[in-house]
Engineer: 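Shown below is the structure under consideration.
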Amino acid sequence: MTISIIDSASCMSRVLAADTDDRADLLRDMWAPMAGMYHFIPGGVDMATVHRQNFGFPPDSATEQVREGLEAEGREPRMDVMLEGFNDRYEAEVVRRWGREAFDASNQWWHSKSIGQQRDWQADAEALLTRWAEIHEAGHTPGSPVAQEHAAVHMTWFAEIPGTPTHADDAERSAAMVRCVADLYQTSPDFHHAFGSREAAQFAADALRLHVRPPA
């Protein structure tokens with residue numbers, strides 16, 4: 001597992017010092033460590049576009065204001081500001097699937113976290129997926145005790161997120177949500193990468209489906 005910390009001040013200084021035509025590529029390089037947060041988006045995203053939409057300034061304007069901000073001292077970087085609008089880009093889809101209350105609750109929960117808490121949560125998420133790969137590589141089946149034990153851990157992880165049916169302890173809707181997520185794990189190349197392989201993602205999807213399957 002790798003945790004990357006962005007030196008945004010130095011990187012932003014390089015962006016502002018560059019010619020306007022070169023800034024988009026420099027912005028992509030700067031935000032590349034955050035691209036993994038969008039692993040659920042098929043095909044990935046252009047981080048230069050994400051920057052323009054969410055992080056604050058068009059590459060071809062507002063440079064003086066940005067320089068003034070870089071020169072300010074004594075301010076701790078705030079991840080909730082850096083990620084402002086991250087969930088909002090997908091607001092309509094979340095609301096359509098799970099309702100306005102679900103979006104508002106999960107969005108507020110994420111942005112209320114400190115930088116350290118957000119990093120810890122992301123590290124836990126990476127460890128969760130890594131463990132699925134380990135179980136698969138060890139030769140276990142999706143229905144084995146070890147796989148089903150980890151499926152329960154995965155369900156607990158889901159339940160930590162306010163606004164989800166698992167957080168609300170709604171068994172029927174939780175099962176529907178997990179089956180939907182399992183389909184994404186199985187079919188999305190981005191999730192294949194996140195799990196380490198297509199096979200590991202398929203394994204996790206099968207185990208989670210079994211975990212929420214009604215008793216015969």
Side-chain angles (χ1 to χ4, degrees), residues 1-8 11 28-47 50-51 54-55 77-87 89-90 94 106-107 109-140 142 144 146-164 166-167 174 177-209 211-212:
M1 179 183 67
T2 300
I3 298 176
S4 299
I5 299 175
I6 299 173
D7 181 2
S8 56
C11 292
R28 293 184 183 98
D29 291 342
M30 180 174 71
W31 296 119
M34 293 182 65
M37 293 183 63
Y38 297 86
H39 58 258
F40 55 88
I41 305 299
V45 296
D46 178 7
M47 294 307 291
V50 172
H51 170 89
N54 299 325
F55 294 115
R78 292 187 54 196
M79 188 67 76
D80 63 320
V81 173
M82 291 172 64
L83 298 178
E84 182 115 27
F86 165 69
N87 288 326
R89 290 190 66 210
Y90 312 103
V94 174
S106 60
N107 195 49
W109 165 80
W110 175 253
H111 288 303
S112 67
K113 288 180 176 293
S114 67
I115 295 175
Q117 289 171 329
Q118 289 179 346
R119 289 173 179 160
D120 289 344
W121 191 85
Q122 290 171 359
D124 288 343
E126 291 181 11
L128 186 78
L129 303 191
T130 298
R131 179 58 181 152
W132 277 121
E134 293 171 350
I135 295 171
H136 171 256
E137 291 169 2
H140 296 284
S144 66
V146 66
Q148 287 305 299
E149 180 180 351
H150 192 56
V153 173
H154 204 129
M155 294 294 291
T156 299
W157 180 78
F158 281 139
E160 293 176 0
I161 307 173
T164 61
T166 45
H167 186 80
S174 293
M177 183 197 78
V178 170
R179 287 192 292 269
C180 178
V181 172
D183 289 344
L184 289 174
Y185 289 171
Q186 178 177 338
T187 59
S188 171
D190 297 298
F191 275 118
H192 301 164
H193 176 74
F195 277 92
S197 70
R198 178 192 299 270
E199 293 75 18
Q202 175 73 64
F203 180 87
D206 291 342
L208 287 167
R209 291 189 187 105
H211 195 78
V212 299

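Just the heavy atoms: all of them, side chains too, but no hydrogens, waters or symmetry mates, feed the values below.
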Engineer: Say you draw a straight line from CZ of Phe203 to OG of Ser197; how long is it, rounded to the nearest 0.5 Å?
Structural biologist: 11.0 Å
Engineer: Contact between Arg179 and Leu208 at the side-chain level, heavy atoms closer than 4.5 Å - yes or no?
Structural biologist: no
Engineer: To the nearest 0.5 Å, how far apart are OG in Ser188 and NE2 in His193?
Structural biologist: 11.0 Å
Engineer: Return the CH2 to CG distance between Trp157 and Asp124, rounded to the nearest 0.5 Å.
Structural biologist: 9.5 Å
Engineer: With side chains defined as the heavy atoms from C-beta onward, is the minimum distance between His150 and Val146 less than 4.5 Å?
Structural biologist: no
Engineer: Check whether any side-chain heavy atom of Asp206 sits under 4.5 Å from a side-chain heavy atom of Arg209, and report yes or no.
Structural biologist: yes
Engineer: What pair of heavy atoms forms the shortest contact from Phe195 to Ala133, and how long is it?
Structural biologist: O-CB, 3.5 Å
Engineer: Return the minimal non-hydrogen interatomic distance between Phe158 and Thr164, and the atom names on each side.
Structural biologist: O-OG1, 3.3 Å
Engineer: Quick one: closest heavy-atom pair of His211 and Gln148, and the distance?
Structural biologist: ND1-OE1, 3.0 Å
Engineer: Considering non-hydrogen atoms only, spot the tightest contact between Gln186 and Gln202 and give its length.
Structural biologist: CG-OE1, 3.2 Å
Engineer: Can you give me the closest heavy-atom contact between Ala147 and Pro142, atom names plus distance?
Structural biologist: CB-O, 3.4 Å
Engineer: Taking side chain as C-beta onward, heavy atoms only, is His154 less than 4.5 Å from Trp132?
Structural biologist: yes
Engineer: Working to the nearest 0.5 angstrom, can you tell me the gap between Glu134 CD and Leu129 CG?
Structural biologist: 11.0 Å
Engineer: Please name the pair of heavy atoms, one in Ala201 and one in Tyr185, separated by the smallest distance, quoted to 0.1 Å.
Structural biologist: CB-O, 3.3 Å
Engineer: Surrounding CD of Glu149 (heavy atoms of other residues, nucleotides or ligands, distance under 6.0 Å), is the total greater than 12?
Structural biologist: no
Engineer: I'd like to check Trp121 versus Ile161 (side-chain heavy atoms, cut-off strictly below 4.5 Å). Are they in contact?
Structural biologist: yes
Engineer: Within this structure, what is the CD-CD1 distance for the pair Glu137 and Ile135, rounded to the nearest 0.5 Å?
Structural biologist: 10.5 Å
